[in-house]
Amino acid sequence: MADREYNLVMLGPPGAGKGTQAVRLSEAIGVPHISTGDILREAVADDSELGREAKGYMDAGELVPDELVIAIARERVAREDCADGFVLDGFPRTVPQAEALGAAMDEVGRQALLVINLAVAEEEIVRRLSSRRMCKECGGIYTADDGEVGDPCPNPDCDGALYQRSDDAAEAITERLRAYAAQTEPLIQYYTDRGVLADVPGEGKPDDIAEAVHQAAIA
Ligand code: AMP
């Protein structure tokens, strides 16, 4: 095990670029990327019991109940591949989730978290979310400029097709932003009070943002 753990959390509103930046950061540092949204979407696609419980909330843009998501995250960060750390993307999203994560880390004697807060203006978020396109096959995140729904995935190594996440529809976006403001934004204060929050501007060139995120993570 390395001397230093990288126990990282990407915080920010929906559409801030958490997924894109979390993948890059996990590759740069060499610790797993853990997205509760990806785990839940996979469960929905598999039509598992978890997926059936979560689907209605997700389609409406609402948060899935804490107990379900906490169980997923606790199990995932306890796995061996997280011994040197992880990049959590989309978890925690509520104060009870943050408390559960802190307690779980303390229980097993893990080093402190560092929370990277990606800040993006609301108009930009709505623009990004409504033009986001994803690939079913490789999980790539694209924009409407790369292709419309049903078009081939721009990744030359992938033969998948682009789709739009059901929760990127206009009504669900409004609900997700409301859920963010009510339930997730308080985490900025929660982690500021604990001295573990680093703010990184989430607008600009993706490479510049990635560099700023990386510097914050290794500081
Ligand atoms: P994401 O891909 O992170 O935007 O997550 C997509 C959806 O999955 C969210 O809108 C929620 O419905 C659900 N979800 C993901 N992570 C969480 C979480 N930590 N707490 C509650 N719901 C979550």
Side-chain angles (χ1 to χ4, degrees), residues 7-27 31-83 85-105 108 113 129 132-142 149-150 153 155 158-180 182-184 187:
N7 299 323
L8 304 165
V9 171
M10 296 293 298
L11 189 64
K18 295 189 297 295
T20 305
Q21 294 299 338
V23 167
R24 292 182 66 151
L25 185 59
S26 102
E27 283 166 2
V31 294
H33 164 230
I34 301 173
S35 156
T36 43
D38 284 350
I39 295 171
L40 289 166
R41 275 185 290 279
E42 229 166 84
V44 171
D46 294 346
D47 197 26
S48 67
E49 194 182 330
L50 169 67
R52 285 193 293 274
E53 275 190 76
K55 187 176 187 320
Y57 298 103
M58 294 174 75
D59 284 348
E62 291 167 16
L63 294 188
V64 171
D66 281 339
E67 58 276 17
L68 282 182
V69 191
I70 287 170
I72 295 172
R74 278 186 70 115
E75 187 277 323
R76 183 63 191 86
V77 300
R79 287 196 212 161
E80 187 122 5
D81 63 343
C82 291
F86 45 73
V87 181
L88 275 173
D89 159 18
F91 183 92
R93 260 184 163 96
T94 64
V95 170
Q97 291 179 20
E99 285 170 345
L101 176 63
M105 308 262 305
V108 292
L113 289 174
L129 290 176
R132 174 159 63 187
R133 302 289 179 266
M134 308 266 294
C135 174
K136 276 208 166 72
E137 198 66 29
C138 69
I141 305 170
Y142 300 100
V149 171
C153 175
N155 175 354
C158 174
D159 59 6
L162 296 182
Y163 77 107
Q164 183 176 38
R165 277 173 48 169
S166 50
D167 59 351
D168 282 342
E171 321 77 69
I173 291 176
T174 309
E175 176 53 30
R176 287 164 70 203
L177 290 173
R178 199 200 55 72
Y180 170 77
Q183 290 165 280
T184 308
L187 291 180

Contact between I72 and L50 at the side-chain level, heavy atoms closer than 4.5 Å - yes or no? yes
Side chain to side chain, S35 and F91, heavy atoms closer than 4.5 Å: no
Of all heavy-atom pairs linking C153 and Y142, the shortest is SG-OH, 3.6 Å
Could you tell me whether a side-chain N or O of R133 sits under 3.5 Å from a main-chain N or O of Y163, the two making a donor and an acceptor? no
Between T94 (side chain) and Q183 (backbone), is there a donor-acceptor pair under 3.5 Å? no
Interatomic spacing from CD in E53 to CE in M58 - rounded to 0.5 Å: 13.0 Å
Check whether any side-chain N or O of K18 sits under 3.5 Å from a backbone N or O of P13 as a donor-acceptor pair, and report yes or no. yes
Point-to-point distance, once rounded to the nearest 0.5 Å, from CG of L88 to SG of C82: 8.0 Å
Minimum heavy-atom distance L101-P92, with the two atoms named: CD2-CD, 4.0 Å
Tell me, with the steps shown, if F86 and N7 meet side chain to side chain contact (heavy atoms under 4.5 Å, CB included). CA-CA 5 Å; F86 45 73; N7 299 323; 3.6 Å; yes
Is any NZ, NE, NH1 or NH2 atom of the basic residue among D81 and R76 found under 4.0 Å from an Asp or Glu carboxylate oxygen of the other? yes
So, S48 side chain and V44 main chain: donor-acceptor pair closer than 3.5 Å or not? no
Can you find a pair of side-chain heavy atoms, one from D66 and one from R93, that are under 4.5 Å apart? no
Spatial distance of atom SG (C135) from atom CG (L162) [nearest 0.5 Å]: 6.5 Å
Shortest non-hydrogen contact from E137 to C158? CB-SG, 3.6 Å
Hey, is R178 close enough to E175 for a salt bridge, meaning N to O under 4.0 Å? yes
Note, P32 side chain near V87 side chain (heavy atom, < 4.5 Å): no
Side chain to side chain contact (heavy atoms under 4.5 Å, CB included) between I39 and V69, intermediate numbers included: CA-CA 10 Å; I39 295 171; V69 191; over 6 Å; no
Nearest-0.5 Å distance, CZ of residue R41 to NZ of residue K136: 12.0 Å
Spacing of OG1 belonging to T184 relative to CG belonging to L177, to within rounding of 0.5 Å: 10.5 Å
So which heavy atom on G19 is nearest to which on I141, and how close? C-CD1, 4.2 Å
Is it true that R132 and D168 have a side-chain N and a carboxylate O under 4.0 angstrom from each other? yes
Considering only heavy atoms from C-beta outward, does the side chain of L129 approach that of R176 to under 4.5 Å? yes
Does any non-hydrogen side-chain atom of D167 lie less than 4.5 Å from one of D59? no
Does any non-hydrogen side-chain atom of L40 lie less than 4.5 Å from one of V64? yes
In this structure, CG of D89 is separated from CG of L11 (nearest 0.5 Å) by 10.5 Å
Quick one, H33 and L25 - any side-chain contact, counting heavy atoms below 4.5 Å? no
